[in-house]
Amino acid sequence: MTTTVPTVLFVCVHNAGRSQMAAGYLQHLAGDRVDVRSAGSEPADQLNPVVAQAMLEEGIDIRAEQPALLSTDAVRAADVVVTMGCGDACPVFPGKRYEDWELRDPAGLDLEAVRPIRDDVRARVEDLIARTVQ
C-alpha cells in the first residue's frame, strides 16, 4: 500500500517572511509526511534576515531559502494552498483546499516585533498539521 503525502503551498507577496516561516515550520514539524513549497506573487531578492534570525531561535535554519515566483503549476500541484496577504494574485483551481491566514507582514520589523508573528505562524502550522497530515 502506497500513501501519497499532501503538498502544501504557502504564498505571500514577497516570499521572504511569512510564507518562508510557515514552510520552515511545516518541514521541521511534519518531515517527510508532507511536501512543502512556498512562493510569492512578487518575490523579493532575498529572504528577510530578521525572519531567518527569528527562526534560528527555534532551531530551524531557513537562511539558504530563496524567494520564488508563484506559478500556476505550483498551485495546480498543491493539495492545500495557504495564502498570506497575496490577495487576488493566487490562481484558484477546483478541488484544492484554500486557506487565508491574516498575518502581519514582518518586512521592516525588528526581531522583537517578528517573534510574535513567528509564534502565530507556528500555532497555525501545528493546527494545519493536525487537520492535514497523517
Side-chain angles (χ1 to χ4, degrees):
M1 180 172 145
T2 54
T3 305
T4 58
V5 298
T7 297
V8 177
L9 172 64
F10 294 104
V11 182
C12 67
V13 176
H14 300 296
N15 191 222
R18 296 166 288 186
S19 56
Q20 293 284 358
M21 285 191 284
Y25 271 127
L26 185 56
Q27 190 64 65
H28 179 77
L29 297 170
D32 61 2
R33 297 179 295 152
V34 66
D35 182 15
V36 182
R37 300 175 188 190
S38 70
S41 54
E42 299 174 21
D45 294 333
Q46 65 182 17
L47 189 68
N48 180 327
V50 179
V51 165
Q53 183 180 359
M55 292 300 286
L56 272 175
E57 290 181 346
E58 295 283 290
I60 302 169
D61 189 353
I62 62 170
R63 292 176 294 180
E65 299 300 324
Q66 290 295 315
L69 179 63
L70 176 64
S71 71
T72 301
D73 288 341
V75 177
R76 189 176 286 122
D79 298 298
V80 180
V81 179
V82 179
T83 58
M84 304 169 190
C86 73
D88 296 334
C90 191
V92 176
F93 292 100
K96 306 291 175 197
R97 188 170 99 211
Y98 291 87
E99 296 185 15
D100 185 52
W101 293 357
E102 290 188 29
L103 294 162
R104 185 172 176 201
D105 188 346
L109 301 178
D110 64 15
L111 184 59
E112 193 67 30
V114 170
R115 285 181 181 128
I117 300 167
R118 175 202 63 200
D119 296 344
D120 189 6
V121 169
R122 181 182 181 121
R124 290 169 189 252
V125 167
E126 289 172 340
D127 178 62
L128 180 69
I129 291 169
R131 293 181 289 112
T132 307
V133 181
Q134 308 244 337

More than 12 foreign heavy atoms under 6.0 Å from [atom1] of [X]: is that the case here?
{"X": "Asp110", "atom1": "CG", "value": "yes"}
{"X": "Arg63", "atom1": "CZ", "value": "no"}
{"X": "Arg104", "atom1": "CZ", "value": "no"}

* **Criterion side chain to side chain contact (heavy atoms under 4.5 Å, CB included) on Tyr25 and Glu126, from CA distance to verdict** => CA-CA 8 Å; Tyr25 271 127; Glu126 289 172 340; over 6 Å; no
So, taking the atom named [atom1] in [X] and the one named [atom2] in [Y], what distance separates them when rounded to the nearest 0.5 Å?
{"X": "Asn48", "Y": "Asp105", "atom1": "CG", "atom2": "CG", "answer": "8.5 Å"}
{"X": "Glu42", "Y": "His14", "atom1": "CD", "atom2": "NE2", "answer": "6.5 Å"}
{"X": "Leu128", "Y": "Leu26", "atom1": "CG", "atom2": "CG", "answer": "6.0 Å"}
{"X": "Asp100", "Y": "Thr83", "atom1": "CG", "atom2": "OG1", "answer": "3.5 Å"}
{"X": "Arg131", "Y": "Glu99", "atom1": "CZ", "atom2": "CD", "answer": "4.0 Å"}

* Same cluster or not: are Ile117 and Leu111 linked, directly or through other Ile, Leu, Val, Met, Phe, Trp or Tyr residues, by side-chain heavy atoms under 4.5 angstrom apart? -> yes
* **Val11 reachable from Leu69 in the ILVMFWY side-chain graph, under 4.5 Å edges** =>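 Not linked; separate clusters.
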Closest heavy-atom contact between [X] and [Y]?
{"X": "Ala74", "Y": "Ser71", "result": "N-OG, 3.0 Å"}
{"X": "Pro67", "Y": "Ala44", "result": "CB-O, 3.4 Å"}
{"X": "Gly24", "Y": "Ile62", "result": "CA-CG2, 4.1 Å"}

* Report yes or no: does Arg33 contribute a side-chain atom to a donor-acceptor pair with the main-chain N or O of Val133 at less than 3.5 Å? => no
* To do: Test Met55 against His28 for side chain to side chain contact (heavy atoms under 4.5 Å, CB included), laying out the working first.
  => CA-CA 11 Å; Met55 292 300 286; His28 179 77; over 6 Å; no
* Ion pair Arg124/Asp120, N-O distance below 4.0 Å -> yes
* With side chains defined as the heavy atoms from C-beta onward, is the minimum distance between Arg122 and Leu29 less than 4.5 Å? ->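 Yes - at least one pair of side-chain heavy atoms lies under 4.5 Å apart.
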* **Partner residues of Glu102 under the salt bridge (charged side-chain N to carboxylate O under 4.0 Å, His left out) criterion, sequence neighbours left out** =>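 For Glu102, no residue satisfies salt bridge (charged side-chain N to carboxylate O under 4.0 Å, His left out) once neighbours in sequence are set aside.
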* Asked: Among all residues two or more places apart in sequence or in another chain, which pass the salt bridge (charged side-chain N to carboxylate O under 4.0 Å, His left out) test with Arg37?
  ->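 So Arg37 forms a salt bridge (charged side-chain N to carboxylate O under 4.0 Å, His left out) with Asp35.
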For residues 16-23, tabulate all N or O donor-acceptor pairs below 3.5 Å that involve a side-chain atom, not counting sequence neighbours.
| residue | atom | partner | partner atom | Å |
| --- | --- | --- | --- | --- |
| Arg18 | NH1 | Met84 | O | 3.4 |
| Arg18 | NH1 | Leu103 | O | 3.1 |
| Arg18 | NH2 | Met84 | O | 3.4 |
| Ser19 | OG | Asn15 | ND2 | 2.8 |
| Gln20 | NE2 | Asn15 | O | 3.1 |
| Gln20 | NE2 | Asn15 | OD1 | 3.3 |

* From Val82, Val80, Val36, Leu70, residue fulfilling side chain to side chain contact (heavy atoms under 4.5 Å, CB included) relative to Leu9 ->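 With Leu9 as partner, side chain to side chain contact (heavy atoms under 4.5 Å, CB included) holds for just one option, Leu70.
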